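Provided herewith is a single structure, encoded as structure tokens, for subsequent inquiry.
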Amino acid sequence: MNKIVAIDGPAGSGKGTVTELIAKRCHLVNIDTGATYRAVALAALRNNLTIEDKDAITELSGKIDITFDEAGHVYLDGEDVSSEIRDKEVTKFVSPVSSIVPVRTNMVALQRKMAEGKDVIMEGRDITTVVFPNAQYKFYLDASLEARAKRRFEQNKEKGIDMSYEEVLDNIQKRDYNDMHKEVGSLIRSDDAIYIDTTNMTIDEVVDKMVKIIEGD
Ligand code: DC
């Protein structure tokens, strides 16, 4: 059976960074499920759709081709959109887009397909609960709101994304609310996921702890 490591947690909990590092150390394919929703949001924006156009966004989500390469680049209909999907506009639009139930159905099916026959590590909001509830390894990463906003602010600076700390904090708060109040696929801490509070931990400490668990048996 293929190995599945499932990780959930709120924005800025460190799951994106640790997932990348664990993927390399444990030779797992990294499937960034947030990127699939971001690609749908980008496609919708390019088609001048608003959040009122739920049917059109749903249709679009079933039509577009979303793929990843081995280096983790994200392609929308063959075009590399890895940096564009992190733009401010996409980041604001993606949470409501990911609340559209049939869009989630399409993305969950796509994510499961991407994992077929591979040893994978997947991070998102509903991986441990909906996409792969029977994964061998399930983690929930968390951190205080301030720590998460600070991390995201620093990450943005490194990537040249121009957002004030207040703007980042506000964005994360709104996303937390949306992520936790979805009709389907809400961020839920499942009882059988290993809970790690990363507020006062370095990335390396988090990675070491998780790798020990993954490779411990
Ligand atoms: O992890 P991220 O910031 O790239 O996620 C982008 C958005 O997609 C975020 O608002 C939550 C949503 N998302 C989701 O609903 N389900 C997932 N499995 C992953 C992300």
Side-chain angles (χ1 to χ4, degrees), residues 6-17 19-20 29-69 72-115 120-133 140-141 148 152 155-156 159 161 168 171-188:
I7 306 171
D8 286 325
S13 57
K15 61 190 172 14
T17 310
T19 298
E20 261 175 52
V29 177
N30 178 5
I31 298 173
D32 177 356
T33 62
T36 66
Y37 291 98
R38 285 175 180 272
V40 175
L42 174 63
L45 287 172
R46 284 182 172 180
N47 282 274
N48 298 316
L49 298 174
T50 72
I51 200 58
E52 310 308 318
D53 305 312
K54 293 195 171 46
D55 290 346
I57 297 176
T58 300
E59 200 189 323
L60 195 62
S61 74
K63 267 202 320 221
I64 55 176
D65 184 39
I66 304 168
T67 49
F68 297 140
D69 68 13
H73 293 134
V74 185
Y75 296 84
L76 170 59
D77 292 327
E79 178 194 343
D80 187 347
V81 292
S82 313
S83 63
E84 215 177 325
I85 58 164
R86 312 272 160 209
D87 280 355
K88 217 197 248 191
E89 292 71 29
V90 177
T91 297
K92 282 203 178 122
F93 196 42
V94 64
S95 196
V97 164
S98 70
S99 304
I100 304 171
V101 175
V103 168
R104 298 202 69 81
T105 310
N106 286 338
M107 290 307 107
V108 169
L110 173 71
Q111 292 154 15
R112 287 184 181 143
K113 204 161 174 359
M114 283 174 164
V120 299
I121 182 162
M122 289 176 106
E123 55 107 342
R125 305 293 189 286
D126 60 343
I127 311 305
T128 62
T129 55
V130 176
V131 184
F132 286 115
Y140 187 98
L141 296 194
R148 293 187 287 120
R152 197 41 66 89
Q155 263 175 7
N156 284 352
K159 289 180 187 160
I161 299 170
V168 173
N171 198 253
I172 287 195
Q173 262 176 319
K174 286 198 177 112
R175 282 175 57 190
D176 277 358
Y177 184 86
N178 274 329
D179 288 348
M180 289 171 185
H181 293 84
K182 286 195 181 112
E183 209 179 322
V184 171
S186 249
L187 175 62
I188 299 164

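Here the structure is a predicted model, which is why all the values come from computation and not from measurement.
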| Asp179 vs Pro10 side-chain heavy atoms within contact, under 4.5 Å |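 No, every pair of side-chain atoms sits at 4.5 Å or beyond.
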
| said: Less than 4.5 Å apart, side chain to side chain, heavy atoms only: is that true for Leu187 and Tyr140? | reply: yes

| query | CG/Asn47 to CG/Leu42 distance, rounded to the nearest 0.5 angstrom? | reply |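 One gets 9.5 Å once the value is rounded to the nearest 0.5 Å.
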
| task | Answer with yes or no whether the side chains of Arg38 and Thr91 bring together a donor and an acceptor at under 3.5 Å. | result |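 Yes, because at least one side-chain N or O of Thr91 sits under 3.5 Å from a partner of the opposite role on Arg38.
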
| About how many Å separate CE of Met122 and OG1 of Thr36, when rounded to the nearest 0.5 Å? |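 If I round to the nearest 0.5 Å, the distance is 8.0 Å.
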
| request: Compute whether any side-chain donor of one residue and acceptor of the other, for Asp8 and Thr128, lie under 3.5 angstrom apart. | output: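 Distance-only check passes for Asp8 and Thr128.
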
| said: Which heavy atom of Pro102 sits nearest to which heavy atom of Thr58, and what is that distance? | reply: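 Smallest heavy-atom distance, with atoms named: CB-CG2, 3.5 Å.
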
| task | Would you please test Ile66 and Leu110 for side-chain contact (heavy atoms from CB on, under 4.5 Å) and show each step? | result | CA-CA 9 Å; Ile66 304 168; Leu110 173 71; 4.0 Å; yes

| query | For Asn178 and Pro96, which heavy atoms make the closest approach, and how far apart are they? | reply | ND2-CD, 4.4 Å

| Closest non-hydrogen atom pair between Ile64 and Ala39, with its separation | CD1-O, 4.3 Å

| task | Would you sort out whether Leu76 and Arg46 count as a side-chain contact (heavy atoms from CB on, under 4.5 Å), showing the intermediate values? | result | CA-CA 12 Å; Leu76 170 59; Arg46 284 182 172 180; 4.0 Å; yes

| field | Check: Arg125 side chain, Ser186 main-chain N or O, donor-acceptor pair, under 3.5 Å | value |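 Not a single qualifying donor-acceptor pair exists.
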
| said: Could you report the tightest heavy-atom contact between Ala35 and Arg86, atom names first, then the distance? | reply: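 In this case the closest contact between Ala35 and Arg86 is CB-NH2, 4.2 Å.
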
| Which heavy-atom pair separates Ser95 from Lys182 by the least distance, and what is that distance? |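 Shortest heavy-atom separation between Ser95 and Lys182 comes out as O-CE, 4.2 Å.
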
| field | Glu84 and Glu89, any side-chain heavy atoms less than 4.5 Å apart | value | no

| query | Do Leu60 and Val40 come close enough that some side-chain heavy atom pair is under 4.5 Å? | reply |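 Of all side-chain heavy-atom pairs linking Val40 with Leu60, none is under 4.5 Å.
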
| said: If I take atom NZ from residue Lys54 and atom OG from residue Ser99, how far apart are they, to the nearest 0.5 angstrom? | reply: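 Rounded to the nearest 0.5 Å, the NZ-OG separation comes out at 8.5 Å.
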
| message | Looking at Arg152 and Asp176, is any side-chain nitrogen of the basic one under 4.0 Å from a carboxylate oxygen of the acidic one? | response |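 Salt bridge: no.
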
| Asp55, CG atom: more than 12 neighbouring heavy atoms under 6.0 Å | no

| request: Can you see which heavy atom on Lys92 is nearest to which on Asn171, and at what distance? | output: CG-ND2, 3.8 Å

| task | Could you check Val108, Ile100, Val101, Thr105 and say which one makes a side chain to side chain contact (heavy atoms under 4.5 Å, CB included) with Val184? | result | Val101

| request: Could you pull out all residues at least two apart from Ala109 that satisfy side-chain contact (heavy atoms from CB on, under 4.5 Å)? | output: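 Counting only residues at least two positions away or on another chain, Ala109 forms no side-chain contact (heavy atoms from CB on, under 4.5 Å).
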
| query | In Å and rounded to the nearest 0.5 Å, what is the CD to CD1 distance from Gln111 to Ile127? | reply | 5.0 Å

| said: Over 60° means perpendicular and under 30° means parallel, so tell me whether His73 and Tyr75 are parallel, tilted or perpendicular. | reply: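 Perpendicular: the ring planes of His73 and Tyr75 meet at over 60°.
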
| Say you draw a straight line from OG1 of Thr129 to CD1 of Ile188; how long is it, rounded to the nearest 0.5 Å? | 5.5 Å

| query | Is the number of heavy atoms from other residues, nucleotides or ligands under 6.0 Å of Lys159 NZ greater than 12? | reply |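 For Lys159, atom NZ is crowded (more than 12 foreign heavy atoms under 6.0 Å).
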
| said: If the threshold is 4.0 Å, N to carboxylate O, is there a salt bridge linking Asp126 and Arg104? | reply: yes

| Hey, what do you get for CG (Asn106) to OH (Tyr37), rounding to the nearest 0.5 Å? |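 Between atom CG of Asn106 and atom OH of Tyr37 there are 9.5 Å.
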
| task | Count the heavy atoms belonging to other residues, nucleotides or ligands that lie under 6.0 Å from NZ of Lys174, then report whether that count exceeds 12. | result | no

